[in-house]
Amino acid sequence: MRPRLLLLIVAAAVVALLSGTSRAGAGTAACTATATGKHVRTQLLKVHLAGTCPVTGVAHGTLTFSQWPRIRADGVFALDYAAATLWLRVPRKLSMKPAWTAHAATTALDVSVQASPRRRLSGRGRYSIRGGFKASNGAVVRWHQTVTATPNRITLGSVHVSASLPGNGSMVVAVHEVRQFCATNKTCPFGLKTTTDRVAFPAAFTHVTVSSPLWFVMGDGTLLSGREQTTILLRSKRTHRILGRSDFQALIRIP
């Protein structure tokens with residue numbers, strides 16, 4: 001029993017050591033590069049390089065791109081240290097209007113790129129947001145939301161979705177929201193939270209409505225702003241194929 005137990009302990013230690021090395025390598029790269037992505041397939045981006053990066057040469061590698069919901073694909077990149085530019089190509093699997101991220105990590109280089117949704121809105125006090133899309137199956141989706149901000153309360157209102165469906169297949173309406181806030185007495189941002197609400201409808205339904213929860217934060221006169229990144233999505237329940245989507249980012253400040 002003792003030799004067998006000893007072997008198990010040694011094996012567990014080796015696995016822990018290897019996994020720890022892998023995590024450390026991704027987080028302690030000799031050079032880190034960050035950039036803000038655009039919404040075109042081929043991009044040449046200005047990149048921020050850490051002081052430990054080389055001053056000349058070009059690094060090549062593969063970025064892993066990701067986009068909600070669970071869309072992932074790989075694409076090549078070239079990093080020019082002297083020009084501080086990053087060339088990349090966004091894979092066809094990703095849509096161009098929504099937000100996306102890309103990342104590559106080795107012990108020598110850590111590259112991160114983040115793109116916000118193409119549609120971005122900003123306002124003060126109170127304003128309404130509207131949008132919609134025509135899905136690939138002929139469905140028509142419309143949505144609206146009201147957001148309000150005072151020094152004492154910031155409210156990111158419910159997203160109200162109305163959809164006319166073709167009645168030939170079961171559909172799923174999803175509302176995905178990422179929220180955060182800023183205040184004078186806290187480190188900004190705070191209150192970061194992500195939620196996804198999904199409602200499925202039988203094939204016979206031709207008109208449906210969905211409302212996401214209302215979110216707010218109280219501040220005793222210290223609030224500054226609230227930010228949300230939202231996706232309204234229609235997909236087939238049977239095939240899980242995305243039939244249409246709206247993506248936007250909204251920022252509301254106190255008057």
Side-chain angles (χ1 to χ4, degrees), residues 7-120 176-180 187-196 227-231 233 240 242 245 247 249:
L7 286 174
L8 289 173
I9 294 173
V10 171
V14 170
V15 170
L17 179 62
L18 289 175
S19 62
T21 302
S22 175
R23 287 193 298 269
T28 59
C31 171
T32 59
T34 56
T36 300
K38 303 177 182 179
H39 294 279
V40 293
R41 290 294 171 192
T42 302
Q43 306 181 23
L44 184 64
L45 307 174
K46 292 299 294 182
V47 65
H48 178 268
L49 298 171
T52 53
C53 294
V55 295
T56 61
V58 178
H60 298 271
T62 301
L63 288 165
T64 297
F65 291 79
S66 59
Q67 187 175 75
W68 191 84
R70 295 190 297 274
I71 300 171
R72 295 173 65 88
D74 292 336
V76 297
F77 74 86
L79 175 62
D80 188 322
Y81 291 110
T85 57
L86 177 70
W87 179 93
L88 60 86
R89 188 187 302 276
V90 181
R92 289 286 173 186
K93 190 174 181 180
L94 274 71
S95 302
M96 278 289 87
K97 291 182 180 181
W100 57 268
T101 61
H103 186 234
T106 66
T107 54
L109 177 63
D110 190 301
V111 181
S112 296
V113 185
Q114 184 166 350
S116 300
R118 180 180 290 178
R119 186 184 183 195
R120 292 183 292 276
H176 178 75
E177 296 178 90
V178 182
R179 300 169 303 280
Q180 60 190 37
T187 301
C188 296
F190 73 93
L192 178 64
K193 189 171 184 179
T194 301
T195 58
T196 304
R227 184 188 299 268
E228 65 174 341
Q229 185 170 298
T230 303
T231 298
L233 182 147
H240 303 291
I242 297 174
R245 64 187 294 166
D247 294 83
Q249 179 173 288

Find the distance between [atom1] ([X]) and [atom2] ([Y]) and round it off to the nearest 0.5 Å.
X: Leu49; Y: Thr32; atom1: CG; atom2: OG1; answer: 8.0 Å
X: Lys193; Y: Glu177; atom1: NZ; atom2: CD; answer: 11.0 Å
X: His176; Y: Asp247; atom1: NE2; atom2: CG; answer: 9.5 Å
X: Lys46; Y: Leu86; atom1: NZ; atom2: CG; answer: 11.5 Å
X: Glu228; Y: Gln180; atom1: CD; atom2: CD; answer: 11.0 Å

With a 6.0 Å cut-off (strictly less than), is the heavy-atom count around CZ of Arg72, excluding the residue itself, greater than 12?
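Atom CZ in Arg72 is not crowded, with 12 or fewer foreign heavy atoms closer than 6.0 Å.
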Distance-minimising heavy-atom pair for [X] and [Y]:
X: Tyr81; Y: Pro54; value: CB-O, 3.4 Å
X: Cys31; Y: Thr52; value: CA-OG1, 4.1 Å
X: Ala29; Y: Thr106; value: CB-O, 3.4 Å
X: His39; Y: Pro117; value: NE2-C, 3.6 Å
X: Phe77; Y: Thr62; value: CE2-N, 3.4 Å
X: Leu45; Y: Val113; value: CD1-CG1, 3.9 Å

Is a donor on one side and an acceptor on the other found under 3.5 Å between the side chain of [X] and the backbone of [Y]?
X: Ser112; Y: Thr34; result: no
X: His48; Y: Ala84; result: no
X: Gln67; Y: Ser95; result: yes
X: Gln43; Y: Lys38; result: yes
X: Arg179; Y: Thr194; result: no

Trace of the side-chain contact (heavy atoms from CB on, under 4.5 Å) decision for Asp110 with His103:
CA-CA 8 Å; Asp110 190 301; His103 186 234; 3.0 Å; yes
State which residues pass side chain to side chain contact (heavy atoms under 4.5 Å, CB included) with Asp80; sequence neighbours excluded, sorted by chain then number.
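Checked Asp80 against side chain to side chain contact (heavy atoms under 4.5 Å, CB included); matches are Val58, Ala82, Ala83, Thr85.
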What residues form a side chain to side chain contact (heavy atoms under 4.5 Å, CB included) with Lys93, not counting sequence neighbours?
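For Lys93, the residues satisfying side chain to side chain contact (heavy atoms under 4.5 Å, CB included) (neighbours in sequence not counted) are Ile71, Ala73.
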For Thr64, all residues meeting side chain to side chain donor-acceptor pair (under 3.5 Å), sequence neighbours excluded
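Testing Thr64 for side chain to side chain donor-acceptor pair (under 3.5 Å), a comparison that skips the adjacent residues, returns Asp74.
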Measure up the Trp100 and Phe65 rings against each other and bin them: parallel (under 30°), tilted (30 to 60°), perpendicular (over 60°).
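If you compare the ring of Trp100 with that of Phe65, the planes turn out tilted.
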Walk me through it: do Val47 and Val111 pass the test side-chain contact (heavy atoms from CB on, under 4.5 Å)?
CA-CA 9 Å; Val47 65; Val111 181; 6.0 Å; no
Thr42 and Arg89: CA distance, side-chain angles, deciding distance, side-chain hydrogen bond (donor to acceptor under 3.5 Å, both in side chains) verdict
CA-CA 4 Å; Thr42 302; Arg89 188 187 302 276; 2.8 Å; yes
Test side-chain contact (heavy atoms from CB on, under 4.5 Å) on Gln249 and Arg227; report intermediate values, then the result.
CA-CA 7 Å; Gln249 179 173 288; Arg227 184 188 299 268; 3.2 Å; yes
Audit row: Arg92, Arg41, side-chain contact (heavy atoms from CB on, under 4.5 Å) steps and yes/no:
CA-CA 8 Å; Arg92 289 286 173 186; Arg41 290 294 171 192; 3.5 Å; yes
